[in-house]
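Report on the following structure.
First listed ligand is number 1; within each ligand, the first listed atom is number 1. The figures that follow rest on heavy atoms only: side chains count, while hydrogens, waters and symmetry mates do not.
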Amino acid sequence: MAQVRLNHVYKRFGDVTAVKDFHLEIQDKEFLVLVGPSGCGKSTTLRMIAGLEEISEGELYIGDRLVNDVPPKDRDIAMVFQSYALYPHMNVYQNMAFGLKLRKFKKEEIDKRVREAARILDIEHLLDRKPKALSGGQRQRVALGRAIVREPQVFLMDEPLSNLDAKLRVQMRTEISKLHQRLETTVIYVTHDQTEAMTMGDRIVVMKDGVIQQAATPSEIYSNPANMFVAGFIGSPAMNFIDGTLFEEAGDVYFRSQGLQVKVPQGKAKLLREKGYVGKEVVFGIRPENIHDEPLFVESSPDSTFRAKVEVAENMGAEMYLYLSGIADKWVTARVNPRMNFTPGVEVELAFDMNKMHIFDKDTEQTVL
Ligand code: ATP
């Protein structure tokens with residue numbers, strides 16, 4: 001069993017606390033993604049698991065074994081980095097065999113493992129080539145191969161795709177996911193790319209300033225973000241945040257901001273009353289995909305319509321991003337079906353899908369609902 005358990009783990013570099021109270025159990029065979037902006041502590045966390053960084057406080061278990069003081073080579077893990085650093089003078093076979101040779105594996109066993117990994121990664125025909133004669137994607141596959149031959153309990157990957165071009169990145173994403181299913185091992189994967197996190201992770205840990213903001217499945221993080229940071233970080237284009245006030249009139253709860261007044265659905269209104277938010281200033285959140293321009297939707301949602309001016313219309317082919325002015329004092333983004341008449345300057349009528357709205361506490365930025 002290869003679950004990885006971090007028990008209230010801290011990492012301090014002098015005055016800087018890079019990781020604070022990281023507390024999480026990663027399940028056997030799970031694909032866990034650590035995601036967050038630059039400097040949030042995700043690499044440091046991974047390096048502590050790898051044994052490349054000492055743990056300042058807390059415990060780290062791999063399986064049932066406390067490994068705080070176990071050297072990297074004895075942790076039964078393999079790490080794949082962003083810079084895959086293949087040995088230039090060795091061919092692919094030798095690159096993949098090198099780690100096993102160092103560990104004094106028998107020649108036949110090394111051969112068996114290298115050929116099996118090459119088959120899984122579809123690089124059998126490249127075994128005699130030197131790294132300089134490989135494409136970026138092929139090199140990345142060799143780097144993965146080097147990790148696979150070790151047959152580790154846990155794979156650690158630190159932005160392994162960030163040196164590849166966009167198209168190859170998408171392709172390798174799928175390949176790594178397939179590889180994970182096939183090898184049935186635990187993977188801990190670091191990225192700053194929220195799309196990578198959403199598409200690859202069984203579970204995502206969103207970090208900021210060394211602190212876990214939320215650890216949950218991609219759909220849970222998308223639908224029920226824990227706070228404004230997670231809500232804004234996951235999803236593209238990002239969620240719209242509108243400052244305003246909740247108030248009650250004739251038994252209904254409304255959200256009001258400059259240029260906007262929308263009715264909160266009954267169930268949500270009840271919760272907001274119970275939590276004491278009616279009459280208060282709040283932040284209203286709505287994802288661009290939950291703003292609609294289809295006439296049928298708009299006509300049937302009289303309590304959540306608004307008018308706005310199209311400032312910029314970006315046609316992405318299958319969809320269109322509208323950047324709208326007229327609400328509060330910043331642009332609101334809507335993701336709609338492409339139409340020709342969205343020229344800049346035109347006035348449009350749209351409606352929110354209020355069942356998908358979010359409310360955040362203005363001071364703490366935590367999710368209210
Ligand atoms: P990136 O995506 O840019 O790699 P990250 O989320 O992986 O960022 P870390 O590399 O873990 O972030 O760094 C977390 C914090 O710890 C940063 O503030 C960084 O400056 C600091 N840090 C990392 N390594 C050291 C070190 N060896 N000495 C001092 N501070 C460090």
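Between atom 4 (O) of ligand 1 and the options Ser43, Gly41, Gly39, the minimum heavy-atom separation is to Ser43.
In this model, a donor atom of one side chain and an acceptor atom of the other lie less than 3.5 Å apart for Glu319 and Tyr321. Side-chain atoms of Glu159 and Tyr189 include no donor-acceptor pair closer than 3.5 Å.
None of Lys106, Arg113, Lys107 except one satisfies the salt bridge (charged side-chain N to carboxylate O under 4.0 Å, His left out) rule with Glu109; the exception is Arg113.
Distance check for atom 20 (O) of ligand 1: every protein heavy atom is found at 4.0 Å or beyond.
Each of the following atoms of ligand 1 lies closer than 4.0 Å to a heavy atom of Ala18: 14 (C), 15 (C), 16 (O). Taking every heavy atom of Pro37 and a limit of under 4.0 angstrom, the matching atoms of ligand 1 come to 6 (O). Against a heavy-atom cut-off of under 4.0 Å, Cys40 is close to the following atoms of ligand 1: 5 (P), 6 (O), 12 (O).
Residue, atom and distance of the protein heavy atom nearest to atom 2 (O) of ligand 1 are Lys42 NZ, 2.7 Å. Ranking protein heavy atoms by distance to atom 3 (O) of ligand 1, first place goes to Ser38 OG, 2.6 Å. Annotation: atom 23 (C) of ligand 1 to nearest protein heavy atom, Phe13 CE1, 3.5 Å. Closest to atom 13 (O) of ligand 1, if we only count protein heavy atoms, is Thr44 OG1, 3.6 Å.
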Arg146 and Tyr87: CA distance, side-chain angles, deciding distance, side chain to side chain contact (heavy atoms under 4.5 Å, CB included) verdict: CA-CA 11 Å; Arg146 258 196 328 203; Tyr87 302 110; 4.0 Å; yes

Let me have the donor-acceptor pairs involving side chains of residues 343-358, under 3.5 Å, with sequence neighbours excluded, atom names and distances please.
residue, atom, partner, partner atom, Å
Glu347, OE1, Arg307, NE, 3.1
Asp353, OD1, Asn355, N, 3.2

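Not a single N or O atom of Val16, backbone or side chain, sits closer than 3.5 Å to an N or O atom of ligand 1.
Residue contacts with ligand 1 for His192 are absent, since no atom lies close enough (heavy atoms, distance under 4.0 Å).
Note on ring orientation: taking the six-membered ring where Trp is involved, the planes of Tyr323 and Trp331 are tilted (angle from 30° to 60°).
A cation-pi arrangement is not found for Lys101 relative to Phe98, the charged atom failing to lie both closer than 6.0 Å to the ring centre and inside a 45° cone about the ring normal.
Ion pairing between Arg273 and Glu248 holds under the 4.0 Å rule for side-chain N and carboxylate O.
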